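Structure first, then comments.
Since the structure is predicted, the reported quantities are computational estimates derived from the model, not experimental observations.
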Amino acid sequence: MNKIVYWSLTVSVAGFLFGFDTAVISGADKPIQELWQTSPLFHGAFIMSSALWGTVIGALAGSIPCDALGRKITLIGVGVLYLVSALGSAIAPDPYTFSFFRFIGGLGVGASSIAVPAYISEIAPAKIRGRLVATYQFQIVFGILIAFLSNYLVAEWVGLNWRVMLGIEVVPAAIFLLMVTGVPESPRWLIRRKNDVEGGRAVLQQIGEAVGESENVDKLVARIEADAQQHQKDHLYNKVYAFPILLAFLIAAFNQLSGINFIIYFAPRVFELAGLDASSALLSSAGIGLTNLAFTMLGLYLIDNVGRKTLMLIGSIGYIVSLSVVAWAFYSGAGGMLVVLFVFVFIASHAVGQGAVIWVFIAEIFPNSVRATGQSLGAGTHWVFAAVITLVMPFFLSRFEPTAIFIFFAAMMVLQLLYVLFMMPETKGRSLEDLGKDVYEHHLV
């Protein structure tokens, strides 16, 4: 078991870099705009969302190296992209160079959102697959927490030095790059794409020994080979996959239509609009990271016990309540601390629901043959919505009251609740091959 956990934790450090890279820009948001005197629209389109446009491309194209070169080589490439981006962003002399290096980091984020869930889902036994794949989300929120804390400490000790805030990412990026070279390739990729049955068997043997199921390795190899043969000429955009494609598209779209990236990226600005001073706003942003981490840990504990659908129901209800209260607090002028409290409730709802479930669910609902391209579709959808929302938010914040923005997000979460109640299947505790067979036979309900 220790090997599986170690491999999962190692590759999921890409999630730490994802989270850190996503959140660290919040501390540089206003200082950069003031330094380069950019308009709200330019600031949103180039400074704040350049990484997200890179992420969109990385997510949409990430399945290509993931399938052709393997999960491991793709993850090594991700580490290189993060390292180059962190260094380049920290020393950028102008907004265009800065945006270019943030874009490079975004490519790493997008590719990691394909490669990490695919890799972990393909090495994890069914009974703990949800928990292990969700370590990716745990690392994301841990990275967000560390980014918020790092920004606060840099602001207190060095002054609002955004170059230091962004440059710190070089250290974890280098550590990840060293660690990921030591993990084995995905056994399912070896068997399906490289026809390396013995190599795949050797990795599966190590996994079987770790969980006390080594006697079942030959049966699992046979099932993987049979699955590969059955889906030999598959491509994602086949009518048999219409339902999982719809499921992946909707869960990814709703993830961002909750407003989560809006809060993560613009938390200090939202809290200042609610009446907090700049230092208190940064400290409250660190509280977001702590809340996210605590409830993600709860989600990890529950996901293989209560299932994916139950967590999504809990999260959807929490979203609706918290977003509605924040909208009312801004409308009535009820006070900054009420906004802070219910933003924390919102973050808790996200962490235990969408945060814990999204990458696990998308990795499970597609068969081995189209898993990477299916995840590319889901992750690409997620990041297109994230990029658009981040691009337009500085403009909308300058034109609309926060009340209207939070009412919009609350309405979207009512639609998510209907999706969970009437469309979303439960996938816990079933092998990837069984789930793939059900998709192929139209039984994923």
Any ion pair linking [Y] and [X] (charged N to carboxylate O, less than 4.0 Å)?
| X | Y | answer |
| --- | --- | --- |
| Lys194 | Glu185 | no |
| Arg192 | Asp196 | no |
| Asp218 | Arg201 | yes |

Do you know which two heavy atoms are closest between [X] and [Y], and how far apart they sit?
| X | Y | result |
| --- | --- | --- |
| Ala86 | Glu169 | CB-CB, 3.7 Å |
| Ser112 | Ala14 | CB-CB, 3.9 Å |
| Gln137 | Ala356 | CG-N, 4.1 Å |
| Ile245 | Leu236 | CD1-O, 3.6 Å |
| Glu426 | Lys428 | OE2-N, 3.2 Å |
| Ile191 | Gly200 | CG1-CA, 4.0 Å |

Are [X] and [Y] packed together at the side-chain level, in the sense that at least one heavy-atom pair is separated by less than 4.5 angstrom?
| X | Y | result |
| --- | --- | --- |
| Val345 | Val321 | no |
| Ser113 | His382 | no |
| Trp53 | Ile57 | no |
| Val221 | Val217 | yes |
| Phe346 | Ile263 | yes |

Subject >> Phe98 and Leu166: CA distance, side-chain angles, deciding distance, side chain to side chain contact (heavy atoms under 4.5 Å, CB included) verdict >> reply: CA-CA 11 Å; Phe98 179 86; Leu166 298 176; 3.2 Å; yes

Subject >> Check against ring-ring contact (aromatic ring centres under 6.0 Å, His included), Tyr82 and Phe20 >> reply: CA-CA 11 Å; Tyr82 278 128; Phe20 191 96; over 10 Å; no

Subject >> Glu122: which of Arg129, Arg371, Arg188 passes side-chain hydrogen bond (donor to acceptor under 3.5 Å, both in side chains) >> reply: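 Among Arg129, Arg371, Arg188, the one that satisfies the side-chain hydrogen bond (donor to acceptor under 3.5 Å, both in side chains) with Glu122 is Arg371.
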
Original post:
So, does Ser85 use its side chain to make a donor-acceptor pair with the main chain of Phe101 at under 3.5 Å?
Top reply: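 It does hold such a pair.
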
**OP:** May I ask you to decide if Asp21's main-chain N or O and Arg102's side chain share a donor-acceptor pair within less than 3.5 Å?
**Re:**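 Checking the backbone N and O of Asp21 against the side chain of Arg102, a donor-acceptor pair under 3.5 Å is found.
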
Could you go through residues 307-314 and list every donor-acceptor pair under 3.5 Å that involves a side-chain atom there, pairing it with any protein atom two or more places apart or in another chain?
| unit_1 | atom_1 | unit_2 | atom_2 | d |
| --- | --- | --- | --- | --- |
| Arg308 | NE | Glu364 | OE1 | 3.2 |
| Arg308 | NE | Thr427 | OG1 | 3.4 |
| Arg308 | NH1 | Ile303 | O | 3.0 |
| Arg308 | NH1 | Asp304 | OD1 | 3.1 |
| Arg308 | NH2 | Glu364 | OE2 | 2.4 |
| Lys309 | NZ | Val420 | O | 3.4 |
| Lys309 | NZ | Met424 | O | 3.1 |
| Thr310 | OG1 | Val306 | O | 3.3 |

Subject >> Full working for ring-ring contact (aromatic ring centres under 6.0 Å, His included) between Tyr241 and Phe249 >> reply: CA-CA 12 Å; Tyr241 299 129; Phe249 174 84; over 10 Å; no

Original post:
Just checking, any donor-acceptor pair under 3.5 angstrom between side chains of Ser316 and Gln416?
Top reply: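 Checked: Ser316/Gln416 side chains pair up, N/O donor to acceptor below 3.5 Å.
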
